[in-house]
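Small disclaimer: the values here were computed from a predicted structure and weren't measured. We number each residue from 1, following the sequence as shown. Side chains are part of it too, since the values below use all heavy atoms of this structure and drop only hydrogens, waters and symmetry mates.
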Amino acid sequence: MTKFRKLNRPTGHRMSMLRTMVSQLVKHERIETTVAKAKEVRRLADNMVQLGKEGTLSAARSAAAFVRGDDVIHKLFTELAYRYKDRAGGYTRVLRTRIRVGDAAPMAYIEFVDRENELRQSKPPTPQPPQRAPLDPWTKSRLSRQFAQPKEDKSSESEG
């Protein structure tokens, strides 16, 4: 069973709130909420973008069963699917902003990465390390040659 935050709400209220927040995040591409809710929305929003990238009828029906609004589904399967076609994951970012005045709850922005008007620019992809040739187990390494004693010829000792 998957672990998730209960957010101090009954199941129906929690799921309704998260569905609405994911739909608003897709629609506006940035929302401000508490840190705990943002972490839950991030998990669900990444799943919705993954369904959008998949692009099948089954994925469209699964997304339509979760998010609210035809415009949101259309944006998932066209704009966001095209934007993240080369990205393997991590479509959203959570940025902590302030402490809320009324109850001192930590607030955060959750936004999609690689979009206009980002609060923080996304990091460039890390370059892949160069490919090394596979090691041959029968050859000695430079280190062992450097520190190992040179082999003495047994034939020269027996002659003398």
Side-chain angles (χ1 to χ4, degrees), residues 1-137 141-143:
M1 185 171 147
T2 13
K3 291 293 215 175
F4 54 88
R5 291 169 181 84
K6 293 188 178 176
L7 302 173
N8 202 20
R9 287 168 170 76
T11 306
H13 183 192
R14 179 177 59 244
M15 290 310 296
S16 176
M17 177 189 67
L18 291 174
R19 287 175 60 188
T20 304
M21 289 178 83
V22 169
S23 301
Q24 292 301 310
L25 175 65
V26 171
K27 189 174 185 179
H28 300 290
E29 298 198 7
R30 179 193 307 150
I31 56 174
E32 186 180 23
T33 182
T34 63
V35 173
K37 288 178 195 169
K39 288 179 180 179
E40 279 301 301
V41 168
R42 172 178 58 187
R43 187 171 65 98
L44 297 168
D46 284 355
N47 287 344
M48 291 298 115
V49 173
Q50 197 66 37
L51 288 175
K53 282 174 59 176
E54 194 175 318
T56 62
L57 180 62
S58 173
R61 287 179 175 161
S62 298
F66 190 80
V67 297
R68 301 170 192 260
D70 293 336
D71 54 341
V72 174
I73 296 168
H74 184 263
K75 187 171 184 178
L76 267 176
F77 281 82
T78 54
E79 185 180 333
L80 294 180
Y82 179 75
R83 186 188 305 170
Y84 299 122
K85 67 178 185 279
D86 296 330
R87 185 179 277 270
Y91 310 112
T92 54
R93 152 189 319 131
V94 174
L95 298 169
R96 295 169 185 258
T97 56
R98 62 189 174 97
I99 302 296
R100 191 161 55 192
V101 174
D103 58 353
M107 301 295 285
Y109 279 115
I110 179 168
E111 68 175 1
F112 283 111
V113 297
D114 296 337
R115 69 178 195 91
E116 296 176 4
N117 302 326
E118 285 185 298
L119 293 176
R120 178 182 297 163
Q121 294 297 319
S122 58
K123 297 175 186 174
T126 56
Q128 294 294 325
Q131 292 292 332
R132 298 192 315 191
L135 296 176
D136 183 14
S141 67
R142 273 184 272 161
L143 266 174

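- Within a 6.0 Å sphere centred on CZ of R9, heavy atoms belonging to other residues, nucleotides or ligands number more than 12.
- The side-chain heavy atoms of T34 and L7, taken from C-beta on, include no pair separated by under 4.5 Å.
- Annotation: side chain of I110 is in contact with side chain of L25 (closest heavy-atom distance under 4.5 Å).
- Heavy-atom neighbours of R98 CZ from other residues, nucleotides or ligands within 6.0 Å: above the threshold of 12.
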Inset, instruction - Determine, step by step, whether Q50 and Y91 satisfy the side-chain hydrogen bond (donor to acceptor under 3.5 Å, both in side chains) criterion, reporting the C-alpha distance in whole Å, the side-chain angles of both residues, the deciding distance to 0.1 Å, and the verdict. - result: CA-CA 9 Å; Q50 197 66 37; Y91 310 112; 2.7 Å; yes

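- Heavy-atom neighbours of D103 CG from other residues, nucleotides or ligands within 6.0 Å: above the threshold of 12.
- The minimum heavy-atom distance between A81 and G52, with the atom names listed, is CB-O, 3.3 Å.
- Judged as a salt bridge (Lys or Arg N to Asp or Glu O under 4.0 Å), and not counting sequence neighbours, K37 has no contacts.
- Not counting sequence neighbours, the partners of R68 by the side chain to side chain donor-acceptor pair (under 3.5 Å) test are S16, T20.
- A distance of 11.5 Å separates CZ of R42 from CZ of R93, quoted to the nearest 0.5 Å.
- Using a 4.5 Å cut-off on side-chain heavy atoms (C-beta onward), L76 and V49 make contact.
- The shortest non-hydrogen separation linking F77 to L51 is CE2-O, 3.4 Å.
- For the pair L44 and F66, the minimum side-chain heavy-atom distance is below 4.5 Å.
- Considering all non-hydrogen atoms of both residues, A108 and T97 come closest at N-OG1, 3.8 Å.
- Residue G90 comes nearest to V113 through the heavy atom pair O-CG2, 3.7 Å, listed as atom of the first residue, atom of the second, then distance.
- For the pair R14 (side chain) and K6 (backbone), a donor-acceptor distance under 3.5 Å is present.
- Atom CD1 of I99 and atom CE of M107 lie 9.5 Å apart (nearest 0.5 Å).
- The pair E32-R100 fails the salt-bridge criterion, with no side-chain N (NZ, NE, NH1 or NH2) lying under 4.0 Å from an Asp/Glu carboxylate O.
- Remark: M21 CE to I31 CD1 distance equals 4.5 Å, nearest 0.5 Å.
- Proximity of M17 to E40: side-chain heavy atoms (C-beta onward) are nowhere separated by under 4.5 Å.
- Contact of the K75 side chain with the K27 side chain is not registered, since no non-hydrogen atoms from C-beta on lie closer than 4.5 Å.
- In this structure, the side chains of V72 and M48 stay at 4.5 Å or more apart for every pair of heavy atoms.
- Summarising the geometry, atom NZ belonging to K85 is positioned 13.0 Å from atom CG belonging to L80; distances are rounded to the nearest 0.5 Å.
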